[in-house]
Amino acid sequence: MPELPEVETIVRELKKVLISRKIINVEIKEPLLIGFPGNSVQFKEGIVGQKIINVSRRGKYIILVLSEEKRMIIHLRMSGKLLFKNSYDRYGKHTHIVFKLDNNKDLRFNTIRKFSRVYLIEDKCLENAGGFVNLGPEPLGDDFTLRDFKLLFKGRKAIIKSLLLNQKFMAGLGNIYTDEALFRAGIKPTRRADSLTDKELSKLYKAIRKVLAEGIKYGGTTFSDYVNAMGQKGDFQGELMVYQRGGEKCYNCGHKIIREKICGRSTHYCPGCQQ
DNA sequence: CGAGGTACCTGACAGC
DNA sequence: TGCTGTCAGGTACCTC
C-alpha cells in the first residue's frame, strides 16, 4: 500500500514513541509474514529482550535499529500497516504479529493481503532482508543531485513508467507518485527513458522530489485505507492531479485523463499536458 | 537489460 | 442472494 511518503510518515510517528522501548514479548499469529530467519521460534528468540535504539527508513522499508547489532526491517507491500496501540485494545481481524513493549503498549503488524514481510537480521547480514541491499538511491537525499539523477539514465532504454517503479533504479516511488511525478514533469508514461531530453530530465528530477516532499507534508495519500502508526489518514489524495482520475477533466488543460494499463499497472495521464 | 507473464493473498465491487 | 471476474498503493521470479 504505502510508498515513500506514507512510509516516511509512519517512521516519523514511530520515532516519537518507540525509541528506548524494550520488546518484552512477541505474538506471531501468521508465521508467513516472517521473511527471515526461516522459523518463528528463532525470530522470537532473537527479538525478545531487544531495545529499540532508532527508527528509520530506506526506500519503502522501515528499519528498527535494535540493541546487540540487529535490525528489524519491515516492508508493508500492498496492504500492510504498522500500528502503535494500547495493549488492551482489541486485536483486529488482520493483526498478524504483535510486539509487546515494556510500557503496556503494542506495535502491531496488520495486513489484509499477506504480502508484507518482517526480517530480523544482524547488522552485517543485510542481504537477508529481501531486496533491501539492492535499492537504488534515495530521491529525497540531500546528496542526490540532478547530476546523479541524469547519470542513472545512462544506458537505460526502458519505458519511463517501469523504470521509475523499479526500486533498484531509484527507491521509494510507487504507482501513485510515479503517475503524479510524470504529470508534473509533462512526460507521457510510455516514453522510452532514452528519448527524454536534458530539459525533461531536469523537470522530472524536480517533479519527483516535489511530489514526494509534498506527500510527506500532507502525511501521505489515503486512497482507501492507509493510516499511519497512530491510525491517522493522509491528506495528499486532495492534491492528486491524475491518479484515480481516469475520465475526469485535467485541472490544467481540460482534456480527459486517460487510465490504461502500462507495464502491468493501471496508469493515469493527461493526453494534453504529457508529451 | 527489458518486456511480459505468473505468483503470492484477501476483500470490495460490478454485472449477471 | 450468490456466483464470477476484475481490480488493488508491491515485488520476486521465470522465460524469451
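Quick note: numbers below take in every heavy atom, side chains included, and nothing from hydrogens, waters or symmetry partners.
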> Which part of the nucleic acid, if any, lies within reach of S266(A) when heavy atoms closer than 4.0 Å are counted: base, sugar-phosphate only, or nothing?
Replying inline: sugar-phosphate
Atom pairs, N/O to N/O, protein against nucleotides 9-11 of chain B, distance under 3.5 Å?
{"unit_1": "dC9(B)", "atom_1": "O2", "unit_2": "R113(A)", "atom_2": "NE", "d": "2.9"}
{"unit_1": "dC9(B)", "atom_1": "N3", "unit_2": "R113(A)", "atom_2": "NH2", "d": "3.4"}
{"unit_1": "dT10(B)", "atom_1": "OP1", "unit_2": "K114(A)", "atom_2": "NZ", "d": "3.4"}
{"unit_1": "dG11(B)", "atom_1": "OP1", "unit_2": "K93(A)", "atom_2": "NZ", "d": "2.9"}

>> Here's a test for you: under side-chain contact (heavy atoms from CB on, under 4.5 Å), which of L212(A), L165(A), D179(A), N166(A) qualifies with L173(A)?
In response: L212(A)
> Mind checking the C1' distance from dA8(C) to dA3(B)? Whole angstroms is fine.
Replying inline: 22 Å
> What heavy-atom pair brings H268(A) and V242(A) nearest, and what distance separates the two atoms?
Replying inline: CB-O, 3.2 Å
>> Testing the 3.5 Å rule here: is there a donor-acceptor pair between the side chains of T95(A) and N110(A)?
In response: yes
>> Between dG9(C) and dG2(B), how many Å separate the two P atoms, rounded to a whole number?
In response: 23 Å
> Taking atom P in both dG11(B) and dT11(C), what distance in whole Å separates the two?
Replying inline: 22 Å
> Given the rule that a pair is Watson-Crick or G-U wobble with both distances under 3.5 Å, how would you write DNA chain C in dot-bracket, using | for pairs to a different strand?
Replying inline: .|||||||.|||||||
> CG of D179(A) versus C1' of dA8(C): gap in Å, rounded?
Replying inline: 14 Å
> What integer distance in Å separates Q244(A):CD from dG9(C):P?
Replying inline: 7 Å
> Is the backbone of Q244(A) close enough, under 3.5 Å, to the side chain of R259(A) for a donor and an acceptor to pair up by distance?
Replying inline: no
> Atom CZ of R156(A) and atom C1' of dG2(B): how far apart are they, to the nearest Å?
Replying inline: 9 Å
> Between atom CZ in F223(A) and atom C1' in dC13(B), what is the gap in whole Å?
Replying inline: 12 Å
> Counting just side-chain N and O atoms, does S162(A) come under 4.0 Å of either OP1 or OP2 of dA3(B)?
Replying inline: yes
> Side-chain N or O of H75(A) less than 4.0 angstrom from OP1 or OP2 on dT11(C)?
Replying inline: yes
> Can H75(A) and Y61(A) be said to form a ring-ring contact (aromatic ring centres under 6.0 Å, His included), step by step?
Replying inline: CA-CA 5 Å; H75(A) 198 304; Y61(A) 289 82; 4.6 Å; yes
Under 3.5 Å, which N/O atoms of the protein pair with N/O atoms of nucleotides 12-16 of chain C?
{"unit_1": "dA12(C)", "atom_1": "OP1", "unit_2": "G131(A)", "atom_2": "N", "d": "3.4"}

>> Taking the minimum atom-to-atom distance to the side chain of K261(A), which one of dA3(B), dT11(C), dC7(C) wins?
In response: dC7(C)
> Whole Å only: how far is the CD1 atom of I159(A) from the C1' atom of dG4(B)?
Replying inline: 11 Å
>> Taking atom types as they are modelled, would you say the side chain of S224(A) forms a donor-acceptor pair with the base of dG9(C) within the 3.5 Å cutoff?
In response: yes
> From dA3(B), dC7(C), dG10(C), pick the nucleotide closest to the side chain of N175(A)?
Replying inline: dG10(C)
> Among Y177(A), F223(A), Y226(A), which one satisfies ring pair (Phe, Tyr, Trp, His ring centres under 6.0 Å) with F236(A)?
Replying inline: Y177(A)
> Would R108(A) and D89(A) pass as an ion pair if we require N to O under 4.0 Å?
Replying inline: no
> Between N175(A) and S266(A), what is the shortest heavy-atom contact and its length?
Replying inline: ND2-O, 2.9 Å
>> What contact category does R192(A) fall into here, base, sugar-phosphate, or nothing, at under 4.0 angstrom with non-hydrogen atoms?
In response: nothing
> Counting any heavy atom closer than 4.0 Å, what does Y177(A) reach on the DNA or RNA strands: base, sugar-phosphate only, or nothing?
Replying inline: nothing
> Side chains of K161(A) and T267(A): is there a donor and an acceptor less than 3.5 Å apart?
Replying inline: yes
> Do you know which two heavy atoms are closest between I34(A) and S40(A), and how far apart they sit?
Replying inline: CD1-CB, 3.8 Å
>> Does atom NZ (K150(A)) have a neighbourhood of more than 12 heavy atoms from anything else shown, all under 6.0 Å?
In response: yes
> Is a side-chain donor-acceptor pair under 3.5 Å present for Y251(A) with R245(A)?
Replying inline: yes
>> Categorize T111(A) for me: base, sugar-phosphate, or nothing, with a 4.0 angstrom heavy-atom threshold over every strand shown.
In response: nothing
> When you check the side-chain N and O atoms of Y243(A) and Q237(A), is any donor under 3.5 Å from an acceptor?
Replying inline: no
> Between L76(A) (CG) and dG9(C) (C1'), how many Å, whole number?
Replying inline: 11 Å
> Which whole number of Å gives the distance between the P atom of dC3(C) and that of dC8(B)?
Replying inline: 23 Å
> Can you check the K157(A) NZ to dG2(B) P distance for me, whole Å?
Replying inline: 8 Å
>> Using OP1 and OP2 only, check whether a side-chain N or O of Q167(A) sits under 4.0 Å from dT11(C).
In response: yes
> Can you tell me how far P of dG9(C) sits from CD1 of I216(A), to the nearest Å?
Replying inline: 20 Å
